[in-house]
Q: 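Dumping the structure here so I can ask a few things about it.
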Protein chains: 2
Amino acid sequence: MPRANLSPTKILDRALKWVDVHGYEQLSMAALAHAFGVATPSLYKHVPSLSWIQRAVAEHGLQELGDMLQQAATGRGQEKALDHMARAYREYAKAHPGRYSAIQRAPDPDDTDLGQLSERVLRPIYQMLKTYGRMGDQATHDVRLLRAALHGFVSLEMAGGFGMPLNIEESFDHLIGVLDTTFRNNLR
Amino acid sequence: MPRANLSPTKILDRALKWVDVHGYEQLSMAALAHAFGVATPSLYKHVPSLSWIQRAVAEHGLQELGDMLQQAATGRGQEKALDHMARAYREYAKAHPGRYSAIQRAPDPDDTDLGQLSERVLRPIYQMLKTYGRMGDQATHDVRLLRAALHGFVSLEMAGGFGMPLNIEESFDHLIGVLDTTFRNNLR
DNA sequence: CGATTGTAGCTAATGGCATTAGCTTTGTCA
DNA sequence: TGACAAAGCTAATGCCATTAGCTACAATCG
């Protein structure tokens, strides 16, 4: 039979697509091997473990998300940066739900690489806040609020936690509006 | 050997304690059986499946969380209701991380019972918002913002997503302050 | 008080998963 | 063409959930 010609890259690529289609929790060595038409243990010739793949998916997702936010922050004029970044964040989670889920499961405190990638996600947010004149400790609290609001919204939405999908767009506009008003008028 | 005298209630109680100590993802029939000093299949004489236990844990958690919020909303004067509710929410998640995690995994749209329990969590929030004079569609958007911010904050905090734990209390105060200011001054 | 019977808990078995060991085949390069 | 490394395979281990079927205890009834 012909060889599958696997490689770490091909396996990761397939895993990235898989999680977005079938869900992060459905990712398994067995499922991936089946997708390649290959026996499960064959994957171990290219990749050390399932958790390695999971971490790689998380790393890739973090990288992509950071790039999206960076782009959204720099592209156009600063006045709409918050709006753009918030929407980019939500768009990414909707377009890549599996990768987004993967990001949420890797709180290994020893893993400094992932920590540094998280920094890359934070940097554009700090940049954006500076255009509102928010910096220092206040900016740190702002970043945490922003991350909490965005992550919470997206994760509740993905879990169907809002009940009927009615007006979810408006609710997100409202979220952005509240934060923008707060920052713009320098409240709190 | 003496009988363990199991029952659905005892199993659920043990599961509730277990998830808060060892983490929700560590919950398994094997672990529970071992905790009772009993063979794994014995549990099936009292309980139909692991997923039944997981759902029961989620239901219990939802009930408790709803009660906490209701209490926080009604107890004292209304002016501090948001503050009390937000802190009660976070306290619950910190005191019962396993139960809180369980709540986040049950997006079975067919499960109307859990949906109704979610309503019980929402009701005190709507009540509280009414004291700010926020109602109708705006209140719905507010509730979603509030849930997103609280859930996001708590879940990032639990995952260690904020990096150093420094000033997390202040950040939470900031979150509450921003929302309170927005509602109080009827911004947006 | 002893026989009956339901049931709690047991062991054995099945099937799915990740992972390891060790064999076989294939592609490449001298 | 022959040797060798890498790719893929099968077999095996050990974990899990779940099912089937056996055994022994405990409460009830004659």
Side-chain angles (χ1 to χ4, degrees), chain A residues 1-60 98-99 101-102 105-108 110-111, chain B residues 1-60 98-99 101-102 105-108 110-111:
Chain A
M1 62 199 68
R3 294 225 173 165
N5 233 359
L6 300 179
S7 69
T9 307
K10 282 183 184 172
I11 292 176
L12 176 56
D13 281 357
R14 192 76 63 124
L16 288 168
K17 284 168 194 150
W18 181 273
V19 297
D20 285 339
V21 174
H22 299 92
Y24 178 75
E25 47 292 325
Q26 301 305 318
L27 182 64
S28 70
M29 296 303 260
L32 269 179
H34 186 264
F36 279 113
V38 122
T40 307
S42 304
L43 297 179
Y44 289 85
K45 284 285 145 87
H46 305 277
V47 128
S49 67
L50 175 61
S51 54
W52 182 92
I53 300 179
Q54 291 168 332
R55 191 200 167 282
V57 170
E59 179 171 341
H60 193 95
R99 302 173 198 200
S101 295
R105 343 254 175 132
D108 185 354
D110 306 339
D111 197 331
Chain B
M1 61 200 68
R3 295 227 171 165
N5 233 359
L6 300 178
S7 69
T9 307
K10 282 183 184 172
I11 292 176
L12 176 55
D13 281 357
R14 193 75 63 123
L16 288 167
K17 283 169 194 151
W18 181 272
V19 297
D20 285 339
V21 174
H22 298 92
Y24 178 75
E25 49 291 326
Q26 301 304 319
L27 181 64
S28 69
M29 295 303 261
L32 270 179
H34 186 264
F36 280 113
V38 123
T40 307
S42 305
L43 298 179
Y44 289 85
K45 284 283 146 86
H46 305 277
V47 129
S49 68
L50 176 61
S51 54
W52 183 92
I53 300 179
Q54 291 168 331
R55 192 201 167 281
V57 170
E59 178 171 341
H60 194 94
R99 303 174 196 199
S101 294
R105 344 257 175 130
D108 185 354
D110 306 339
D111 198 331

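Letters go in sequence order (proteins before strands), and every chain restarts at 1. The model shown is predicted, which means the values in this text are computed figures rather than measured ones. Every heavy atom of this structure was used, including side-chain atoms; hydrogens, water molecules and symmetry mates were not.
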Q: Let's see if you get this right: which residues in residues 11-32 of chain A place a heavy atom under 4.0 Å from DNA chain C?
A: A/Ser28, A/Met29, A/Ala30
Q: Give the rounded distance in Å between these two atoms: CG of B/Asn5 and P of D/dA27.
A: 9 Å
Q: Which heavy atom of B/Ala15 sits nearest a heavy atom of B/Val57, and at what distance?
A: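 Shortest heavy-atom contact: CB-CG2, 4.1 Å.
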Q: Quick one, A/Gln54 and A/Leu27 - any side-chain contact, counting heavy atoms below 4.5 Å?
A: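 Yes - at least one pair of side-chain heavy atoms lies under 4.5 Å apart.
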Q: Measure the shortest side-chain to side-chain distance between A/Leu43 and A/Ile53 over non-hydrogen atoms and say whether it is less than 4.5 angstrom.
A: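 The answer is no, as the side chains (C-beta and beyond) never meet within the 4.5 Å cut-off.
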Q: Distance from B/His46 atom NE2 to B/Thr9 atom OG1, nearest 0.5 Å?
A: 11.0 Å
Q: Would the distance check show the side chain of A/Arg14 and the main-chain N or O of A/Ala35 forming a donor-acceptor pair, the cut-off being under 3.5 Å?
A: yes
Q: For residues B/Ala102 and B/Tyr24, report the shortest heavy-atom separation together with the two atoms involved.
A: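 In this case the closest contact between B/Ala102 and B/Tyr24 is CB-CE1, 3.4 Å.
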Q: List the atom of B/Ser49, the atom of B/Met29, and the distance in Å for their closest heavy-atom pair.
A: C-CE, 4.3 Å
Q: Rounded to the nearest 0.5 Å, what separation is found between the CG atom of A/Leu12 and the CH2 atom of A/Trp52?
A: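 If we round to the nearest 0.5 Å, A/Leu12:CG and A/Trp52:CH2 are 6.0 Å apart.
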Q: List in numerical order all residues of residues 36-53 of chain A for which some heavy atom is under 4.0 Å away from an atom belonging to DNA chain C.
A: A/Thr40, A/Pro41, A/Tyr44, A/Lys45, A/Ser49, A/Leu50
